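This one's a predicted model, so the numbers in the text were calculated from it and none came from an experiment.
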Amino acid sequence: MKIAFIGGYGHLGQGLYQLAKSHGHEVMQVGRNDSKSYLDVELVVLTTPPSKTIFCLEEELDLKDDVPIISFVAGIPLETYTPHTVAGAVKAMTNIAACDGKGFTVWAKDREMPPRPLSRVYAFMDMLGKWCEVDDSNSTKSVDSYLDDATALIGSGTAYAVQLIENFVQYGISENLDAEMAQKWVRETFLSALHLLEEDDAESIVNSIASPNGTTAEGLEWLSSDKVDLSIHNALSVTGEKCRSLGENH
């Protein structure tokens, strides 16, 4: 598949470019000053900064009728891309692990696509790892709202999760564990937690671990008093609000 990456010079764009190349796709990078007329490709992927996205689209982006657009740009409404493609547009949010084919991606399309361009979208998403398609047919939420949530929980949320894990590691180091040991213990702990969540709900798991007046209960009380849950909620909330503000003028 011939894929054009527009703005593919950031961490995500460069990573997806290299991933597609490693899978045998014919890839090209299109920068701000490069011509976007008559691109002889089968798929266009946008990873531009939000402030540069409209500028790129207005630069005479001329595609064949069966070429879809996939945008990984936070905040910009899906309908923004509709006038620039006959085949259809997709708005997506993923995390940086997608560059290794281990990501999780949420995406939505702006219309029903013909089989050929849709198959290209599926092939690209499969390359990134696991994915979930959303629509607004049975929901009070718009697809753009879903994608704002995905930006907070999946895109930015990956950084927040890694930061939380690192806090655990640093505690271990402060207690004189060597760094390698602390990292192994903490990573295995989080993997164990994810395994438990596949089998049971969070409240039941916590209750099964936290005996009354025990060590875990003591720590949970501190987490509650320090409002850690509120801090995490607020971090995700401001991320979502930032997405919405990015799309207000488009």
Where at least one partner belongs to residues 224-237, residue pairs that pass side chain to side chain donor-acceptor pair (under 3.5 Å), sequence neighbours excluded: none
Residues pairing under side chain to side chain donor-acceptor pair (under 3.5 Å) where one sits in residues 114-128, two or more places apart or in two chains, turn out to be D66-R120, D126-W131
Where the side chain of E42 meets the backbone of K2, is there a donor-acceptor pair that is under 3.5 Å apart? yes
What pair of heavy atoms forms the shortest contact from [X] to [Y], and how long is it?
{"X": "C243", "Y": "A74", "value": "SG-CB, 4.2 Å"}
{"X": "S211", "Y": "A217", "value": "O-CB, 3.6 Å"}
{"X": "A87", "Y": "M113", "value": "O-CG, 3.5 Å"}

Do [X] and [Y] pair up side chain to side chain, a donor and an acceptor below 3.5 Å, judged on atom types alone?
{"X": "S137", "Y": "D135", "result": "yes"}
{"X": "S142", "Y": "D136", "result": "no"}
{"X": "Y146", "Y": "S139", "result": "yes"}
{"X": "S204", "Y": "D201", "result": "yes"}

With side-chain contact (heavy atoms from CB on, under 4.5 Å) as the criterion, how do I3 and F124 come out once you've worked through the C-alpha distance, each side chain's angles and the decisive distance to 0.1 Å? CA-CA 10 Å; I3 308 173; F124 190 86; 4.1 Å; yes
Just do the side-chain contact (heavy atoms from CB on, under 4.5 Å) check on E166 and V169 with the steps written out, would you? CA-CA 5 Å; E166 182 61 17; V169 172; 4.0 Å; yes
Common cluster, [X]/[Y], ILVMFWY with side-chain heavy-atom separation under 4.5 Å:
{"X": "Y160", "Y": "L147", "result": "yes"}
{"X": "M28", "Y": "L63", "result": "yes"}
{"X": "V27", "Y": "M125", "result": "yes"}
{"X": "W185", "Y": "I165", "result": "no"}
{"X": "M127", "Y": "F5", "result": "yes"}

Counting C-beta onward and ignoring hydrogens, is there a side-chain heavy-atom pair between [X] and [Y] closer than 4.5 Å?
{"X": "C99", "Y": "L12", "answer": "yes"}
{"X": "L220", "Y": "T216", "answer": "yes"}
{"X": "M93", "Y": "W107", "answer": "no"}
{"X": "F72", "Y": "V45", "answer": "yes"}
{"X": "K21", "Y": "H25", "answer": "no"}
{"X": "I6", "Y": "T47", "answer": "no"}
{"X": "V67", "Y": "T85", "answer": "no"}
{"X": "R187", "Y": "F190", "answer": "no"}

Assess whether salt bridge (charged side-chain N to carboxylate O under 4.0 Å, His left out) is satisfied between K141 and D149, documenting all intermediate values. CA-CA 11 Å; K141 291 174 71 71; D149 294 337; 2.8 Å; yes
Under 6.0 Å from the ring centre and within 45 degrees of the ring axis: does the NZ or CZ of K130 meet both conditions for the six-membered ring of F104? no
Distance from [X] atom [atom1] to [Y] atom [atom2], nearest 0.5 Å?
{"X": "I232", "Y": "L164", "atom1": "CD1", "atom2": "CG", "answer": "5.5 Å"}
{"X": "D144", "Y": "E79", "atom1": "CG", "atom2": "CD", "answer": "7.0 Å"}
{"X": "D100", "Y": "Q18", "atom1": "CG", "atom2": "CD", "answer": "11.5 Å"}
{"X": "N95", "Y": "S156", "atom1": "CG", "atom2": "OG", "answer": "10.5 Å"}
{"X": "I209", "Y": "L196", "atom1": "CD1", "atom2": "CG", "answer": "6.5 Å"}
{"X": "Q183", "Y": "Q170", "atom1": "CD", "atom2": "CD", "answer": "9.0 Å"}

Residues D148, K242: salt bridge by 4.0 Å N-O rule: no
V90 and I69: CA distance, side-chain angles, deciding distance, side-chain contact (heavy atoms from CB on, under 4.5 Å) verdict: CA-CA 6 Å; V90 165; I69 295 173; over 6 Å; no
Applying side chain to side chain donor-acceptor pair (under 3.5 Å) to S22 and not counting sequence neighbours gives none
Kindly indicate, with the supporting measurements, whether the criterion side-chain contact (heavy atoms from CB on, under 4.5 Å) is fulfilled by L197 and I205. CA-CA 8 Å; L197 285 168; I205 294 168; 3.8 Å; yes
How far apart are the C-alpha atoms of K109 and E133, what are their side-chain angles, what is the distance that settles it, and do they pass the salt bridge (charged side-chain N to carboxylate O under 4.0 Å, His left out) test? CA-CA 8 Å; K109 56 183 183 291; E133 182 183 1; 2.4 Å; yes
